[in-house]
Amino acid sequence: MAKWKLYWVESDGYEDCFVVAKNSRSARSVEANMNGFHISDTKATRIIDIPDEYEEKADQKFRKWSKVHAPEQATNHDLHQWPWYSDKWLLEELGAQFRILEEEEQTLLRDVVYARKVNGECYTYNIGAKAIAEKNEWLPHYNNYDEEPRIDITEQLFTAIGMALVQCQEIEYLFSKSFIFAISEKQQKKYKTFNDFFKGWEKKTLGGLIYAMQEAFEIDTEIKNALTLFLDMRNQLVHGVTITPRYDINTDWGQRELVAFLDLFLSLCSPIKDIAASCFEISIEIGNRYLLEESDEKVPLKNSDELLGLFINCFKLEESEVGEIER
């Protein structure tokens with residue numbers, strides 16, 4: 001069992017740092033003693049065990065530094081570097097990657113990004129395998145920490161991209177066929193017949209569809225925010241997310257960021273698809289009841305009280321629209 005471990009120690013959100021210690025209390029003590037925090041105000045998260053051979057390397061570097069900067073301790077045979085803050089060379093040996101993105105200093109280690117903003121504030125977020133493990137069980141999982149050789153996540157990434165595109169297309173299809181939104185006064189002024197509406201509605205972009213939906217209905221705030229986020233992420237996905245610096249598909253780090261992006265997007269797709277399905281089902285029900293002759297063949301439909309309830313909870317006609325329909 002390794003003697004030393006690498007910890008991420010959090011304090012006030014600005015002095016957060018990597019510390020090498022034997023246990024979490026020792027790691028917290030390093031930060032508390034150096035920066036005047038009470039140890040109860042610190043938190044240490046273990047990241048990885050440090051191979052024993054790096055202890056001697058750290059001590060050698062410390063002795064060399066001491067000869068120049070602290071000669072009075074350089075001849076001490078019991079001189080040791082740790083417990084102490086981690087040097088960059090150790091992080092590199094442990095597999096860390098570094099970059100500056102939008103003026104933030106970022107370190108990636110075992111699929112966790114440790115970021116420091118321009119103002120010094122620190123935060124962390126998960127990407128890659130850790131992000132997948134948090135949300136979507138149906139995404140292909142992998143272990144990229146303890147297995148050798150290093151795993152290529154390209155297959156998992158392309159699978160996730162394909163799943164995301166399929167979800168986009170299914171959701172947009174359901175919204176584009178939902179003529180429930182034709183009942184608003186504004187839409188009735190634009191289109192003389194349902195056929196005109198169908199042709200015009202299907203030509204709209206997803207953003208245009210959502211905007212038109214908001215013209216006709218009062219949409220629950222939470223649902224509106226979810227639709228806006230879905231639209232933004234969908235546009236990023238379709239219009240070149242893979243070539244942006246953060247999600248550059250040609251780099252290992254970018255691939256892991258992209259997996260996390262897709263993981264979040266797919267999590268968002270599930271409720272959005274239910275909403276789209278509720279709009280579609282209500283539309284078909286209205287069509288069967290009011291747009292077809294009694295002798296016409298009805299569109300097959302499995303009625304779902306759950307979807308009906310979802311539509312009622314998400315969409316409410318504007319008062320002016322209700323009056324118009326009643327007249």
Side-chain angles (χ1 to χ4, degrees), residues 136 138 163-235 237-238 265-327:
N136 292 308
W138 58 86
M163 292 171 65
L165 289 175
V166 168
Q167 292 296 307
C168 281
Q169 292 171 4
E170 291 182 349
I171 289 169
E172 291 185 44
Y173 174 85
L174 290 170
F175 276 135
S176 69
K177 299 297 183 181
S178 297
F179 52 84
I180 180 66
F181 300 108
I183 66 175
S184 74
E185 181 181 2
K186 290 183 179 179
Q187 294 300 316
Q188 290 177 37
K189 289 180 178 179
K190 293 178 182 178
Y191 308 107
K192 294 182 179 180
T193 67
F194 270 104
N195 282 333
D196 291 339
F197 171 81
F198 296 148
K199 292 177 182 179
W201 193 255
E202 290 180 348
K203 290 179 182 178
K204 290 182 181 293
T205 63
L206 179 61
L209 290 174
I210 292 175
Y211 178 78
M213 290 157 56
Q214 293 176 355
E215 284 186 335
F217 288 84
E218 290 183 7
I219 303 177
D220 177 83
T221 301
E222 185 176 340
I223 301 302
K224 185 183 294 186
N225 291 338
L227 286 168
T228 299
L229 178 58
F230 172 77
L231 176 61
D232 179 61
M233 296 188 75
R234 176 266 182 198
N235 288 341
L237 176 65
V238 173
F265 180 70
L266 286 167
S267 298
L268 180 61
C269 282
S270 181
I272 296 297
K273 189 174 180 179
D274 286 342
I275 292 169
S278 74
C279 297
F280 179 77
E281 183 166 306
I282 293 296
S283 298
I284 297 301
E285 180 67 24
I286 289 175
N288 283 340
R289 288 191 181 187
Y290 303 111
L291 302 183
L292 299 178
E293 301 292 339
E294 290 187 8
S295 58
D296 291 337
E297 183 178 355
K298 307 297 184 183
V299 178
L301 183 66
K302 293 182 179 180
N303 290 320
S304 169
D305 292 339
E306 185 177 345
L307 287 178
L308 173 60
L310 177 61
F311 181 85
I312 293 173
N313 289 330
C314 293
F315 301 93
K316 293 180 174 58
L317 275 172
E318 300 277 0
E319 291 187 8
S320 60
E321 305 290 357
V322 173
E324 181 67 21
I325 291 173
E326 290 175 346
R327 288 196 296 273

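Values reported hereafter were calculated over all heavy atoms of this structure, with side chains retained and with hydrogens, waters and symmetry mates removed. None of these values were measured; they are calculated from a predicted model.
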Worksheet item: CG/Leu174 to CG/Leu209 distance, rounded to the nearest 0.5 angstrom?
Response: 11.5 Å
Worksheet entry | Heavy-atom side-chain proximity of Phe175 to Ile210 below 4.5 angstrom | no
Worksheet item: Which value, rounded to the nearest 0.5 Å, describes the distance between Ile219 atom CD1 and Gln214 atom CD?
Response: 4.5 Å
Worksheet item: CD of Glu218 to CG of Asp220: how many Å apart, nearest 0.5 Å?
Response: 10.5 Å
Response to the item:
Contacts of Lys273 meeting salt bridge (charged side-chain N to carboxylate O under 4.0 Å, His left out) (sequence neighbours excluded), chain-then-number -> Glu170
Fill in: Sequence-distant partners of Asp232, side-chain hydrogen bond (donor to acceptor under 3.5 Å, both in side chains), two or more places apart
Gln236
Practice prompt. List the steps, then state whether side-chain contact (heavy atoms from CB on, under 4.5 Å) holds for Phe315 with Met213.
Written response: CA-CA 9 Å; Phe315 301 93; Met213 290 157 56; 3.9 Å; yes
Worksheet item: Who pairs with Asn313 by side-chain contact (heavy atoms from CB on, under 4.5 Å), at least two apart in sequence or on another chain?
Response: none
Response to the item:
Looking only at heavy atoms, the pair that brings Ser283 and Lys177 closest together is CB-O, 4.2 Å
Worksheet item: What residues form a side-chain contact (heavy atoms from CB on, under 4.5 Å) with Ile312, not counting sequence neighbours?
Response: Leu308
Discussion item. Give me the atom names and distance for the closest heavy-atom approach of Ser178 to Ala276.
Written reply: OG-O, 4.1 Å
Discussion item. According to side-chain contact (heavy atoms from CB on, under 4.5 Å), who are the partners of Asn235, at least two apart in sequence or on a separate chain?
Written reply: Leu231, His239
Discussion item. Strictly distance-based, threshold 3.5 Å: is any side-chain N or O of Ser270 a donor or acceptor partner for the main-chain N or O of Ser267?
Written reply: no
Worksheet entry | Distance-minimising heavy-atom pair for Ile171 and Cys269 | CD1-O, 3.8 Å
Response to the item:
Closest non-hydrogen contact found for Leu268 with Met233 is CD2-SD, 4.4 Å
Worksheet item: Any idea which heavy atoms bring Ile275 and Cys314 closest together, and the distance?
Response: CG1-SG, 4.2 Å
Worksheet item: Mind checking what makes side-chain contact (heavy atoms from CB on, under 4.5 Å) contact with Cys168, not counting sequence neighbours?
Response: Glu172, Arg234, Leu237, Phe265
